[in-house]
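So the structure is just underneath, and the comments pick up after that.
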Amino acid sequence: MKVGCAVVAAGKGTRAGLGYNKALYSLGGRSVLRRTLDALAGSGLIHQIALVMNPDDEAVFREECARLGEPALLKAIVPGGATRRESAYHGLKALDADTDIALIHDAARPFVNMQIIQNVINDAAQYGSGVISCPVTDTIKRIDERGEAVQTVDRAVLRSVQTPQAFAYSRILRAHEEWPGDDAATDDAYLYEKRWGSVHLSSAPGAEKNKKLTTGEDMRMASMHFAPRLRIGTGYDVHRLVEGRRLILCGVDIPHDKGLLGHSDADVALHALMDAMLGAAALGDIGKLFPDSDEQYRGISSIELLKRVSAALSEKGYRLNNCDITIVCQRPKLAPHIVRMRQNIADALKVDMEQISVKATTTEHLGFEGEMLGISAQAVALLETVGE
Ligand code: MG
(Lines give C-alpha, C1' and ligand atoms only; values in the text may rest on other atoms or scores of the structure.)
Protein backbone atom coordinates (compact mmCIF):
# COMPACT_ATOMS: atom_id res chain seq x y z
CA MET A 1 0.00 0.00 0.00
CA LYS A 2 1.50 3.30 -1.09
CA VAL A 3 0.79 6.29 1.14
CA GLY A 4 1.36 9.92 0.14
CA CYS A 5 0.76 13.13 2.05
CA ALA A 6 0.02 16.65 0.85
CA VAL A 7 1.17 19.18 3.45
CA VAL A 8 -0.48 22.56 3.11
CA ALA A 9 1.56 25.60 4.12
CA ALA A 10 0.42 28.11 1.54
CA GLY A 11 -0.98 30.69 4.00
CA LYS A 12 0.68 33.92 5.02
CA GLY A 13 0.12 33.53 8.74
CA THR A 14 -1.41 36.98 9.10
CA ARG A 15 -3.50 35.89 12.09
CA ALA A 16 -0.35 34.99 14.01
CA GLY A 17 0.83 38.60 13.49
CA LEU A 18 4.38 37.53 12.65
CA GLY A 19 4.90 39.32 9.34
CA TYR A 20 6.14 36.04 7.84
CA ASN A 21 4.76 32.57 7.24
CA LYS A 22 3.98 31.02 10.62
CA ALA A 23 5.30 27.68 9.35
CA LEU A 24 8.77 29.21 9.69
CA TYR A 25 8.30 30.14 13.35
CA SER A 26 10.97 28.45 15.45
CA LEU A 27 9.84 26.06 18.17
CA GLY A 28 12.82 25.21 20.36
CA GLY A 29 15.29 25.57 17.48
CA ARG A 30 13.26 23.85 14.72
CA SER A 31 10.62 25.53 12.57
CA VAL A 32 6.96 24.53 12.79
CA LEU A 33 7.30 23.27 9.21
CA ARG A 34 10.25 21.02 9.96
CA ARG A 35 8.66 19.70 13.14
CA THR A 36 5.51 18.77 11.22
CA LEU A 37 7.35 17.20 8.28
CA ASP A 38 9.73 15.33 10.59
CA ALA A 39 6.74 13.97 12.56
CA LEU A 40 5.11 12.71 9.37
CA ALA A 41 8.32 11.22 7.99
CA GLY A 42 9.30 9.82 11.39
CA SER A 43 6.09 7.77 11.55
CA GLY A 44 7.60 5.44 8.95
CA LEU A 45 4.11 5.10 7.43
CA ILE A 46 4.32 7.69 4.65
CA HIS A 47 6.20 7.04 1.41
CA GLN A 48 6.18 10.51 -0.10
CA ILE A 49 5.26 14.08 0.77
CA ALA A 50 4.20 16.96 -1.47
CA LEU A 51 4.57 20.35 0.20
CA VAL A 52 2.30 23.19 -0.89
CA MET A 53 3.72 26.67 -0.26
CA ASN A 54 3.18 30.31 -0.99
CA PRO A 55 5.47 31.08 -4.01
CA ASP A 56 6.90 34.06 -2.06
CA ASP A 57 8.36 31.60 0.45
CA GLU A 58 9.99 29.27 -2.05
CA ALA A 59 13.67 30.00 -1.33
CA VAL A 60 13.36 29.77 2.45
CA PHE A 61 11.09 26.70 2.26
CA ARG A 62 13.62 24.87 0.11
CA GLU A 63 16.34 25.77 2.60
CA GLU A 64 14.23 24.43 5.48
CA CYS A 65 13.42 21.22 3.61
CA ALA A 66 17.11 20.53 2.95
CA ARG A 67 17.47 20.18 6.73
CA LEU A 68 14.73 17.56 7.17
CA GLY A 69 15.50 14.32 8.97
CA GLU A 70 14.52 12.39 5.83
CA PRO A 71 14.70 14.80 2.87
CA ALA A 72 14.26 11.98 0.34
CA LEU A 73 10.59 11.61 1.30
CA LEU A 74 9.83 15.07 -0.02
CA LYS A 75 8.76 14.46 -3.61
CA ALA A 76 7.68 17.95 -4.63
CA ILE A 77 7.32 21.52 -3.44
CA VAL A 78 4.44 23.11 -5.35
CA PRO A 79 2.81 26.55 -5.30
CA GLY A 80 -0.55 26.90 -3.58
CA GLY A 81 -3.79 28.07 -5.21
CA ALA A 82 -6.14 30.96 -4.49
CA THR A 83 -7.97 29.03 -1.76
CA ARG A 84 -7.24 26.34 0.82
CA ARG A 85 -9.11 23.83 -1.36
CA GLU A 86 -7.07 24.62 -4.49
CA SER A 87 -3.85 24.38 -2.50
CA ALA A 88 -4.76 20.93 -1.22
CA TYR A 89 -5.62 19.90 -4.79
CA HIS A 90 -2.21 21.07 -6.07
CA GLY A 91 -0.54 18.98 -3.39
CA LEU A 92 -2.61 15.87 -4.13
CA LYS A 93 -1.89 16.12 -7.86
CA ALA A 94 1.85 16.21 -7.14
CA LEU A 95 1.74 12.72 -5.55
CA ASP A 96 2.54 9.63 -7.62
CA ALA A 97 -0.37 8.36 -9.73
CA ASP A 98 -0.19 4.91 -8.14
CA THR A 99 -0.70 6.29 -4.61
CA ASP A 100 -3.29 4.20 -2.72
CA ILE A 101 -3.97 6.41 0.30
CA ALA A 102 -3.46 10.16 0.37
CA LEU A 103 -3.33 12.27 3.51
CA ILE A 104 -3.84 16.00 3.65
CA HIS A 105 -2.19 17.69 6.63
CA ASP A 106 -1.75 21.28 7.80
CA ALA A 107 1.87 22.35 8.19
CA ALA A 108 0.69 24.29 11.26
CA ARG A 109 -0.07 21.10 13.23
CA PRO A 110 3.32 19.97 14.54
CA PHE A 111 1.78 17.91 17.36
CA VAL A 112 0.59 15.17 15.01
CA ASN A 113 1.75 11.80 16.37
CA MET A 114 2.32 8.33 15.00
CA GLN A 115 -0.91 6.89 16.43
CA ILE A 116 -2.98 9.55 14.68
CA ILE A 117 -1.22 8.90 11.36
CA GLN A 118 -1.60 5.14 11.73
CA ASN A 119 -5.29 5.32 12.59
CA VAL A 120 -6.31 7.61 9.72
CA ILE A 121 -4.38 5.45 7.23
CA ASN A 122 -5.95 2.23 8.56
CA ASP A 123 -9.43 3.75 8.43
CA ALA A 124 -8.93 5.10 4.90
CA ALA A 125 -7.78 1.63 3.80
CA GLN A 126 -10.85 0.05 5.35
CA TYR A 127 -13.58 2.67 4.78
CA GLY A 128 -12.22 4.92 2.03
CA SER A 129 -11.78 7.81 4.47
CA GLY A 130 -10.28 8.45 7.88
CA VAL A 131 -10.40 11.93 9.36
CA ILE A 132 -8.98 12.62 12.80
CA SER A 133 -11.61 14.05 15.12
CA CYS A 134 -12.28 14.88 18.75
CA PRO A 135 -15.42 15.00 20.87
CA VAL A 136 -16.57 18.56 21.55
CA THR A 137 -15.95 19.38 25.20
CA ASP A 138 -17.21 22.98 25.31
CA THR A 139 -20.91 23.69 25.47
CA ILE A 140 -22.03 24.97 22.07
CA LYS A 141 -24.72 27.64 21.65
CA ARG A 142 -26.62 28.60 18.57
CA ILE A 143 -26.95 32.38 18.27
CA ASP A 144 -29.42 34.71 16.56
CA GLU A 145 -28.65 37.74 14.39
CA ARG A 146 -27.99 39.87 17.52
CA GLY A 147 -25.42 37.37 18.77
CA GLU A 148 -27.71 36.26 21.63
CA ALA A 149 -27.63 32.56 22.55
CA VAL A 150 -30.98 31.09 21.65
CA GLN A 151 -30.30 27.36 21.79
CA THR A 152 -27.91 24.87 23.39
CA VAL A 153 -26.74 22.31 20.86
CA ASP A 154 -26.42 18.65 21.92
CA ARG A 155 -22.64 18.19 21.84
CA ALA A 156 -22.94 14.39 21.96
CA VAL A 157 -23.69 14.45 18.24
CA LEU A 158 -20.87 16.87 17.38
CA ARG A 159 -17.22 16.25 16.52
CA SER A 160 -14.49 18.73 15.74
CA VAL A 161 -12.27 17.55 12.91
CA GLN A 162 -8.61 18.29 12.25
CA THR A 163 -5.96 17.11 9.89
CA PRO A 164 -4.52 14.67 8.93
CA GLN A 165 -7.42 13.57 6.75
CA ALA A 166 -6.78 10.37 4.81
CA PHE A 167 -8.67 9.13 1.76
CA ALA A 168 -8.53 6.58 -1.00
CA TYR A 169 -6.37 8.55 -3.42
CA SER A 170 -8.52 8.06 -6.54
CA ARG A 171 -11.65 9.15 -4.67
CA ILE A 172 -10.33 12.36 -3.16
CA LEU A 173 -8.73 13.27 -6.47
CA ARG A 174 -12.10 12.74 -8.24
CA ALA A 175 -13.86 14.85 -5.61
CA HIS A 176 -11.46 17.71 -6.37
CA GLU A 177 -11.58 17.27 -10.16
CA GLU A 178 -15.38 17.33 -10.18
CA TRP A 179 -15.75 20.08 -7.61
CA PRO A 180 -18.23 22.68 -8.91
CA GLY A 181 -16.14 25.62 -7.83
CA ASP A 182 -17.95 26.52 -4.62
CA ASP A 183 -14.95 27.29 -2.49
CA ALA A 184 -16.78 27.37 0.80
CA ALA A 185 -15.00 24.06 1.51
CA THR A 186 -12.79 24.50 4.58
CA ASP A 187 -11.48 20.95 4.48
CA ASP A 188 -11.16 17.94 2.19
CA ALA A 189 -13.63 15.88 4.21
CA TYR A 190 -16.30 18.31 3.02
CA LEU A 191 -15.49 17.56 -0.62
CA TYR A 192 -15.40 13.84 0.02
CA GLU A 193 -18.71 13.93 1.85
CA LYS A 194 -20.39 15.86 -1.01
CA ARG A 195 -19.06 13.48 -3.67
CA TRP A 196 -19.00 10.08 -1.93
CA GLY A 197 -21.35 10.32 1.04
CA SER A 198 -20.42 9.97 4.71
CA VAL A 199 -16.88 10.38 6.00
CA HIS A 200 -15.36 7.97 8.51
CA LEU A 201 -14.11 9.78 11.63
CA SER A 202 -10.96 8.43 13.27
CA SER A 203 -9.85 8.91 16.85
CA ALA A 204 -6.47 8.52 18.50
CA PRO A 205 -4.76 9.31 21.81
CA GLY A 206 -3.22 12.78 21.67
CA ALA A 207 -5.69 14.08 19.08
CA GLU A 208 -6.85 16.77 21.51
CA LYS A 209 -3.28 18.13 21.52
CA ASN A 210 -3.03 18.13 17.70
CA LYS A 211 -3.87 21.81 17.65
CA LYS A 212 -3.52 24.04 14.63
CA LEU A 213 -1.16 26.89 15.50
CA THR A 214 -3.00 30.00 14.41
CA THR A 215 -2.53 32.95 16.74
CA GLY A 216 0.56 34.48 18.30
CA GLU A 217 -0.59 32.99 21.62
CA ASP A 218 -0.68 29.49 20.05
CA MET A 219 2.93 30.03 18.94
CA ARG A 220 4.06 31.07 22.42
CA MET A 221 2.34 28.06 24.02
CA ALA A 222 3.92 25.68 21.49
CA SER A 223 7.36 27.25 22.08
CA MET A 224 7.06 26.49 25.77
CA HIS A 225 6.18 22.90 24.97
CA PHE A 226 9.28 22.45 22.81
CA ALA A 227 11.67 24.42 25.04
CA PRO A 228 14.45 22.25 26.44
CA ARG A 229 13.81 21.20 30.02
CA LEU A 230 16.74 21.58 32.41
CA ARG A 231 17.72 19.29 35.26
CA ILE A 232 20.52 19.81 37.73
CA GLY A 233 22.54 17.32 39.78
CA THR A 234 25.48 17.31 42.17
CA GLY A 235 28.22 14.78 42.88
CA TYR A 236 30.87 14.33 45.57
CA ASP A 237 33.64 11.77 45.92
CA VAL A 238 36.77 11.09 47.98
CA HIS A 239 39.66 8.70 47.38
CA ARG A 240 42.63 7.92 49.60
CA LEU A 241 46.16 8.85 48.45
CA VAL A 242 48.57 5.92 48.67
CA GLU A 243 52.01 4.98 47.41
CA GLY A 244 52.37 2.68 44.43
CA ARG A 245 49.34 3.98 42.48
CA ARG A 246 49.10 6.36 39.51
CA LEU A 247 47.35 9.69 40.03
CA ILE A 248 44.70 10.09 37.37
CA LEU A 249 42.40 13.11 37.42
CA CYS A 250 39.91 13.80 34.60
CA GLY A 251 41.76 11.22 32.52
CA VAL A 252 45.14 12.95 32.87
CA ASP A 253 48.00 10.87 34.27
CA ILE A 254 49.72 13.32 36.63
CA PRO A 255 53.30 12.70 37.80
CA HIS A 256 53.28 12.40 41.62
CA ASP A 257 54.77 10.20 44.32
CA LYS A 258 51.32 8.93 45.34
CA GLY A 259 48.13 7.97 43.57
CA LEU A 260 44.48 7.40 44.41
CA LEU A 261 43.33 4.05 45.72
CA GLY A 262 40.22 2.46 44.25
CA HIS A 263 38.68 -0.40 42.31
CA SER A 264 38.78 1.47 39.00
CA ASP A 265 41.47 4.02 38.14
CA ALA A 266 40.05 5.99 41.13
CA ASP A 267 39.59 9.19 39.08
CA VAL A 268 37.85 11.07 41.86
CA ALA A 269 36.97 14.07 39.68
CA LEU A 270 35.23 12.01 37.02
CA HIS A 271 33.42 10.01 39.69
CA ALA A 272 31.97 13.24 41.11
CA LEU A 273 31.04 14.37 37.59
CA MET A 274 29.31 11.08 36.72
CA ASP A 275 27.34 11.17 39.96
CA ALA A 276 26.26 14.74 39.17
CA MET A 277 25.08 13.73 35.69
CA LEU A 278 23.27 10.61 36.91
CA GLY A 279 21.78 12.61 39.77
CA ALA A 280 20.40 15.21 37.37
CA ALA A 281 18.57 12.44 35.54
CA ALA A 282 17.58 10.68 38.80
CA LEU A 283 19.30 7.53 37.51
CA GLY A 284 21.09 6.65 40.74
CA ASP A 285 24.88 6.82 41.03
CA ILE A 286 27.99 5.15 39.60
CA GLY A 287 28.07 2.64 42.46
CA LYS A 288 24.74 1.36 41.21
CA LEU A 289 25.72 1.38 37.50
CA PHE A 290 29.25 0.02 37.90
CA PRO A 291 29.40 -1.90 41.22
CA ASP A 292 32.95 -2.33 42.57
CA SER A 293 32.08 -5.96 43.33
CA ASP A 294 32.08 -6.50 39.57
CA GLU A 295 35.44 -7.68 38.23
CA GLN A 296 34.86 -6.17 34.78
CA TYR A 297 35.38 -2.70 36.31
CA ARG A 298 38.71 -3.50 37.99
CA GLY A 299 41.24 -0.88 36.89
CA ILE A 300 38.88 0.44 34.21
CA SER A 301 39.46 3.94 32.89
CA SER A 302 36.89 6.35 34.29
CA ILE A 303 36.84 8.10 30.91
CA GLU A 304 35.38 4.84 29.57
CA LEU A 305 32.77 4.85 32.36
CA LEU A 306 31.96 8.48 31.57
CA LYS A 307 31.22 7.53 27.96
CA ARG A 308 28.86 4.83 29.21
CA VAL A 309 27.09 7.30 31.51
CA SER A 310 26.73 9.66 28.58
CA ALA A 311 25.23 6.89 26.44
CA ALA A 312 22.79 5.94 29.21
CA LEU A 313 21.68 9.57 29.49
CA SER A 314 21.26 10.08 25.78
CA GLU A 315 19.11 6.96 25.67
CA LYS A 316 16.86 8.70 28.20
CA GLY A 317 16.75 11.86 26.04
CA TYR A 318 19.30 13.97 27.94
CA ARG A 319 22.50 15.73 26.98
CA LEU A 320 24.91 17.79 29.02
CA ASN A 321 24.40 21.53 28.97
CA ASN A 322 27.41 22.29 31.17
CA CYS A 323 29.26 21.09 34.23
CA ASP A 324 31.62 22.52 36.83
CA ILE A 325 34.06 20.37 38.80
CA THR A 326 36.12 21.43 41.82
CA ILE A 327 39.04 19.22 42.81
CA VAL A 328 40.26 19.69 46.38
CA CYS A 329 43.94 18.77 46.39
CA GLN A 330 46.83 20.19 48.39
CA ARG A 331 49.55 18.79 46.09
CA PRO A 332 50.55 18.37 43.29
CA LYS A 333 49.67 21.63 41.57
CA LEU A 334 46.91 20.94 39.06
CA ALA A 335 46.90 24.25 37.13
CA PRO A 336 49.16 22.95 34.30
CA HIS A 337 46.73 20.08 33.62
CA ILE A 338 43.38 21.86 33.63
CA VAL A 339 43.07 22.37 29.85
CA ARG A 340 43.86 18.70 29.15
CA MET A 341 41.29 17.67 31.76
CA ARG A 342 38.58 19.78 30.18
CA GLN A 343 39.47 18.50 26.73
CA ASN A 344 39.34 14.85 27.87
CA ILE A 345 35.85 15.31 29.29
CA ALA A 346 34.62 17.26 26.27
CA ASP A 347 35.92 14.52 23.94
CA ALA A 348 34.30 11.74 25.98
CA LEU A 349 30.95 13.55 26.05
CA LYS A 350 31.23 14.85 22.47
CA VAL A 351 30.57 18.43 23.60
CA ASP A 352 32.44 21.70 23.34
CA MET A 353 35.21 22.41 25.83
CA GLU A 354 33.39 25.64 26.73
CA GLN A 355 30.71 23.49 28.36
CA ILE A 356 33.21 21.93 30.76
CA SER A 357 34.74 23.72 33.73
CA VAL A 358 37.42 22.17 35.95
CA LYS A 359 38.89 24.04 38.93
CA ALA A 360 41.31 23.06 41.65
CA THR A 361 41.75 24.38 45.15
CA THR A 362 43.74 23.59 48.28
CA THR A 363 42.48 23.71 51.87
CA GLU A 364 45.40 25.60 53.39
CA HIS A 365 46.69 22.30 54.81
CA LEU A 366 43.45 21.74 56.75
CA GLY A 367 41.56 18.46 56.80
CA PHE A 368 42.39 15.20 55.02
CA GLU A 369 42.97 16.90 51.68
CA GLY A 370 45.30 19.43 53.35
CA GLU A 371 47.17 16.67 55.15
CA MET A 372 47.51 14.92 51.76
CA LEU A 373 45.74 11.78 52.95
CA GLY A 374 43.25 11.98 50.09
CA ILE A 375 41.71 14.06 47.32
CA SER A 376 38.05 15.03 47.09
CA ALA A 377 36.02 16.41 44.21
CA GLN A 378 32.65 18.08 43.84
CA ALA A 379 30.70 18.53 40.64
CA VAL A 380 27.51 20.10 39.43
CA ALA A 381 25.98 19.17 36.08
CA LEU A 382 23.11 20.66 34.14
CA LEU A 383 21.32 18.40 31.68
CA GLU A 384 18.84 19.39 29.02
CA THR A 385 16.27 17.29 27.26
CA VAL A 386 17.11 16.62 23.64
CA GLY A 387 15.03 17.85 20.72
CA GLU A 388 11.36 16.82 21.10
MG1 MG B 1 34.94 7.05 43.54
Side-chain angles (χ1 to χ4, degrees), residues 231-314 316 318 320 322-334 337-338 340-349 351 355-363 366-383:
R231 295 181 62 116
I232 196 164
T234 71
Y236 174 72
D237 196 23
V238 175
H239 280 260
R240 190 183 289 272
L241 270 171
V242 296
E243 283 173 3
R245 291 268 303 181
R246 290 154 70 201
L247 176 61
I248 297 173
L249 292 171
C250 298
V252 181
D253 206 331
I254 297 166
H256 193 51
D257 57 352
K258 288 180 179 176
L260 294 173
L261 182 64
H263 184 71
S264 65
D265 63 0
D267 190 329
V268 68
L270 291 189
H271 292 185
L273 173 61
M274 288 188 273
D275 273 356
M277 292 170 66
L278 291 166
L283 286 176
D285 58 30
I286 49 171
K288 184 176 142 196
L289 250 73
F290 315 115
D292 60 10
S293 54
D294 192 331
E295 275 308 303
Q296 66 167 307
Y297 302 121
R298 178 171 295 281
I300 194 169
S301 153
S302 295
I303 284 284
E304 179 55 37
L305 299 179
L306 180 62
K307 288 179 186 168
R308 295 189 196 182
V309 165
S310 175
L313 290 174
S314 89
K316 295 277 180 191
Y318 296 111
L320 183 77
N322 72 302
C323 67
D324 183 24
I325 302 169
T326 302
I327 305 170
V328 185
C329 173
Q330 189 66 45
R331 267 216 311 267
K333 272 195 130 13
L334 300 181
H337 307 290
I338 295 291
R340 269 286 305 287
M341 291 178 174
R342 292 173 62 205
Q343 192 62 60
N344 283 349
I345 296 170
D347 290 348
L349 298 176
V351 299
Q355 292 165 266
I356 312 294
S357 162
V358 178
K359 314 191 299 295
T361 186
T362 71
T363 57
L366 296 170
F368 67 84
E369 301 102 326
E371 292 169 25
M372 289 175 281
L373 299 172
I375 295 177
S376 71
Q378 300 176 33
V380 58
L382 190 66
L383 302 183

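Atoms within a ligand are numbered from 1 in the order they appear, just like the ligands themselves. These numbers come from the heavy atoms of this one structure, side chains and all, not from hydrogens, waters or symmetry mates.
Side-chain contact, His271 with Asp237: a donor N or O sits under 3.5 Å from an acceptor N or O. Side-chain polar atoms of Ser302 and Asp267 form no donor-acceptor pair below 3.5 angstrom. In the model, Thr326 has no side-chain atom that pairs as donor or acceptor with a side-chain atom of Gln378 under 3.5 Å.
Of the charged side-chain nitrogens involved, at least one lies within less than 4.0 Å of a carboxylate oxygen, so that Asp324 and Lys359 count as a salt-bridged pair.
Exactly one residue among Leu334, Ile338, Thr361 makes a side chain to side chain contact (heavy atoms under 4.5 Å, CB included) with Ile327. That residue is Leu334.
Rounded to the nearest 0.5 angstrom, Asp275 CG and Ile286 CD1 are separated by 4.5 Å.
With waters left out, the protein N, O or S atoms under 2.8 Å from the Mg ion (ligand 1) add up to 3.
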